[in-house]
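All remarks here apply to the structure that follows.
This is a predicted model, so every value here is computed, not measured. First the proteins, then the strands, lettered A, B, ... as listed; each starts at 1.
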Amino acid sequence: MNCQSVVTRCGCLCICEEDGYVVKIEFNRTCDGKIDKMILEQLLDYLRGVRKDLTFQVKVSGTEFQKRVWYALRNIPYGHTITYKDLAIKLGTSPRAIGQALKANPLPVYFPCHRVVGKNSLGGFTGGLDWKKMLLGTEGCSL
DNA sequence: GCTTTTTAGCCCG
DNA sequence: CGGGCTAAAAAGC
């Protein structure tokens, strides 16, 4: 497994790759190594707001439920948000269960968990709310 | 399997 | 603005 970290205006980001698949993305973590240049460029362009979709291959590990939630995130259009509650209704589950699944998301940004917000608050985020705000800002969401 | 714990939410006073 | 509540999934047994 190869990991490489990059520095953004919100702190550093560590991306891990295995056999050409991205397996993990972590905030505020540095790591030493190099990953596929194309993957890195895609991600950086996304963070710059130049690119709106991520097409690299990923390898996902999680429970069936978690995967269901994570893939559902990819149906939220760029620049849009949804509440935990509405997503829960859509998937026939509860808001808190959604929160649990999002917390366990190994590939934030690729699975855009930052597009899920609370009804009357921002909700939480792995790596801190600053990241969430930054990502939403880049996508042009009104906070 | 059943029971306990945990939760990045929600609603109501 | 706090407290209490709830449902559901994961962890533990």
Side-chain angles (χ1 to χ4, degrees), chain A residues 1-33 35-36 39-143:
Chain A
M1 179 162 80
N2 274 340
C3 299
Q4 178 166 1
S5 53
V6 292
V7 180
T8 76
R9 62 196 155 102
C10 220
C12 54
L13 193 64
C14 169
I15 308 111
C16 302
E17 175 207 358
E18 199 172 78
D19 313 319
Y21 294 89
V22 177
V23 294
K24 202 200 275 184
I25 298 177
E26 280 179 288
F27 296 102
N28 314 322
R29 182 95 135 235
T30 52
C31 46
D32 216 2
I35 61 166
D36 184 89
I39 294 174
L40 195 63
E41 284 303 317
Q42 261 194 41
L43 210 48
L44 287 176
D45 282 346
Y46 185 91
L47 294 174
R48 286 186 202 110
V50 185
R51 179 182 246 276
K52 301 188 175 174
D53 61 311
L54 296 169
T55 57
F56 50 72
Q57 298 276 359
V58 296
K59 199 183 287 178
V60 191
S61 71
T63 65
E64 284 308 307
F65 174 78
Q66 288 170 338
K67 283 189 263 188
R68 200 157 65 88
V69 175
W70 298 338
Y71 280 104
L73 298 176
R74 305 209 88 215
N75 293 328
I76 307 168
Y78 187 90
H80 287 243
T81 58
I82 189 172
T83 61
Y84 292 94
K85 187 188 176 189
D86 287 342
L87 186 58
I89 292 170
K90 214 168 154 182
L91 296 180
T93 180
S94 85
R96 292 191 141 174
I98 297 286
Q100 278 184 103
L102 296 195
K103 188 184 178 187
N105 178 9
L107 295 162
V109 185
Y110 176 83
F111 290 123
C113 51
H114 55 275
R115 291 184 198 147
V116 186
V117 297
K119 193 181 184 186
N120 282 314
S121 75
L122 250 187
F125 200 69
T126 42
L129 284 170
D130 284 345
W131 278 98
K132 195 169 189 171
K133 288 180 196 160
M134 195 271 273
L135 289 165
L136 288 173
T138 316
E139 298 194 7
C141 293
S142 48
L143 302 172

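Where A:K85 and A:V116 each meet DNA chain B at their nearest nucleotide, the meeting point lying more 5' is that of A:V116.
Atom CG of A:L73 sits about 6.5 Å away from atom CG of A:L87, to the nearest 0.5 Å. Atom SG of A:C14 is separated from atom CD of A:Q4 by 9.0 Å, given to the nearest 0.5 angstrom. In this structure, SG in A:C141 is found 7.0 Å from NE2 in A:H114, a value given to the nearest 0.5 Å. Between the CD atom of A:E17 and the CD1 atom of A:I25 there is a distance of 11.5 Å, given to the nearest 0.5 Å. Atom NE2 of A:H80 and atom CG of A:N75 lie 13.0 Å apart (nearest 0.5 Å). With rounding to the nearest 0.5 Å, the separation of OH in A:Y46 from CG in A:L135 is 7.0 Å.
Counting to the nearest Å, the P atom of B:dC11 and the CD1 atom of A:I89 are 9 Å from each other. Here the P atom of nucleotide B:dA8 and the CG atom of A:L87 are 16 Å apart, to the nearest Å. Following rounding to the nearest Å, A:L91 (CG) and C:dA9 (C1') show an atom-to-atom distance of 14 Å. Rounding to whole angstrom units, CG of residue A:D130 and P of B:dA8 are separated by 18 Å. Taking atom CD1 of residue A:I98 and atom C1' of nucleotide C:dT6, one finds them 16 Å apart after rounding to whole Å. In this structure, the CG atom of A:N120 is 15 Å from the P atom of C:dG2, given to the nearest Å. The distance from atom CG of A:N105 to atom P of C:dA9 is 17 Å, rounded to the nearest whole Å. Look at NZ on A:K67: it is 16 Å from C1' on C:dA9, rounded to the nearest Å.
Side-chain nitrogen and oxygen atoms of A:S94 include none within less than 4.0 Å of the OP1 or OP2 phosphate oxygen of B:dG9. A close approach under 4.0 Å does occur between a side-chain nitrogen or oxygen of A:K119 and OP1 or OP2 of B:dC11.
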Can you name the atoms? Protein N/O to nucleotides 10-13 of chain C N/O, anything below 3.5 Å, with the distance.
from   : atom 1 : to    : atom 2 : distance (Å)
C:dA10 : OP1    : A:T63 : OG1    : 2.6

Measure all distances between protein nitrogen or oxygen atoms and nitrogen or oxygen atoms of nucleotides 3-5 of chain C, and list the pairs falling under 3.5 Å.
none

**Study point:** Under the 3.5 Å Watson-Crick or G-U criterion, the dot-bracket string of DNA chain C, with | for inter-strand pairs
**Key:** |||||.|||||||

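Each of A:I15, A:V22, A:L40 was evaluated against A:F56; a single residue qualifies, A:V22, per the side chain to side chain contact (heavy atoms under 4.5 Å, CB included) test.
Geometrically, A:K59 engages A:Y21 in a cation-pi contact, judged by NZ or CZ lying under 6.0 Å from the ring centre and within 45° of the ring axis.
A ring-centre distance under 6.0 Å is not found for A:W131 and A:F125.
If you check distances only, the side chain of A:S121 never reaches the base of B:dA8 with a donor-acceptor pair under 3.5 Å.
A:D53 has a carboxylate O that lies under 4.0 Å from a charged side-chain N of A:R51, or vice versa, which qualifies the two as a salt bridge.
For A:K90, the NZ atom is loosely surrounded, since the number of other residues' heavy atoms within 6.0 Å does not exceed 12.
Between the side chains of A:R74 and A:Y110, a donor-acceptor pair is found at a separation under 3.5 Å.
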